[in-house]
Amino acid sequence: MTTFTLRFSATPHGARLARRLGSHQMDVWGRPHGSPAHDTVETVELIVAEPAANAVSHGRVPGHDAELRLSLEAGQVRVEVSDTRGDRLPVARDAGGCEERGRGLLLVASLAKVWGTTPRPGAPGKTVWAVPTS
């Protein structure tokens, strides 16, 4: 198994950096934009973007970073985003037509074979993980 781990600041800039460096890592692993594996790259970008944004807006604890972990095993990518806020577990919900927020995890669910949340191993908080469909 090959892994990529990035600690990022719990800020909007940090979440953007996680998404961009996650995309770059896909390129390093031989799945660049414009290739037959391009759909996987875009899917990973979207899956990273949602829990990273949630980590900085809902899981933020001042003075603590969030973490992105990508793993590649037998051609399958797994995305994990961890934060230090274990008391707020994310829930996929139907936000309704008038709400501006609340649809991110539905997007993750639609792009992933499986996804879920687990307690953060060896540290306070939680990990949102997903395995992209492509």
**Prompt:** In terms of side-chain geometry, is the basic nitrogen of Asp83 or Lys126 positioned less than 4.0 Å from the acidic oxygen of its partner?
**Reply:** yes

**Request:** Please check if Leu107 and Val81 belong to a single hydrophobic cluster, counting links between Ile, Leu, Val, Met, Phe, Trp and Tyr side chain heavy atoms closer than 4.5 Å.
**Result:** yes

**Asked** Is there a side-chain contact between Leu72 and Arg31 (heavy atoms, below 4.5 Å)?
**Response** yes

**Asked** With a 4.5 Å heavy-atom cut-off, do Val77 and Ile47 have their side chains touching?
**Response** no

**Spatial distance of atom CZ (Arg69) from atom OG1 (Thr127) [nearest 0.5 Å]** = 9.5 Å

**Fill in**
Closest heavy-atom pair, Val56 versus Ser9, reported as atoms and distance to 0.1 Å, is CG1-O, 4.0 Å

**Item:** Worked verdict on Arg78 versus Glu80 for salt bridge (Lys or Arg N to Asp or Glu O under 4.0 Å)
**Value:** CA-CA 7 Å; Arg78 179 180 168 107; Glu80 299 177 7; 2.7 Å; yes

**Item:** Selection residues 6-28 - residue pairs positive for salt bridge (Lys or Arg N to Asp or Glu O under 4.0 Å), sequence neighbours left out
**Value:** Arg7-Asp65

**Prompt:** Would you call Asn54 and Val128 a side-chain contact if the rule is heavy atoms closer than 4.5 Å?
**Reply:** no

**Request:** Can you measure from CZ (Arg60) to NE2 (His58) and round to the nearest 0.5 angstrom?
**Result:** 13.5 Å

**Request:** Might you point out which heavy atoms bring Ala53 and Ala15 nearest each other, and give the distance in Å?
**Result:** N-CB, 4.1 Å

**Request:** May I ask you to test the Phe8-Leu21 pair for a side-chain heavy-atom distance under 4.5 Å?
**Result:** no

**Prompt:** Do Phe4 and Leu68 have side chains that get closer than 4.5 Å, going by heavy atoms?
**Reply:** yes

**Fill in**
Looking only at heavy atoms, the pair that brings Thr133 and Ala112 closest together is CG2-C, 3.4 Å

**Message:** Could you tell me if the side chain of Asp87 sits less than 4.5 Å from the side chain of Arg85, heavy atoms only?
**Reply:** yes

**Prompt:** Does Trp129 share a hydrophobic cluster with Leu105, counting links as ILVMFWY side-chain heavy atoms below 4.5 Å and allowing steps through other members?
**Reply:** no

**Request:** Evaluate the side-chain proximity of Leu70 to Trp29: yes if any heavy-atom separation is below 4.5 Å, no if none is.
**Result:** yes

**Item:** Pairs flagged by salt bridge (Lys or Arg N to Asp or Glu O under 4.0 Å) wherever residues 47-59 is involved - sequence neighbours left out
**Value:** none

**Prompt:** Is any side-chain heavy atom of Pro51 less than 4.5 Å from a side-chain heavy atom of Val108?
**Reply:** yes

**Asked** Do the side-chain N and O atoms of Glu45 and Ser23 include a donor-acceptor pair separated by under 3.5 angstrom?
**Response** yes

**Asked** Going hydrophobic residue to hydrophobic residue with side-chain gaps under 4.5 angstrom, can you get from Val48 over to Leu17?
**Response** yes

**Complete:** For Ala130 and Pro132 the tightest heavy-atom approach is O-CD, 3.8 Å

**Fill in**
One should read off an interatomic distance between Thr84 OG1 and Arg120 CZ, to the nearest 0.5 angstrom, of 6.5 Å

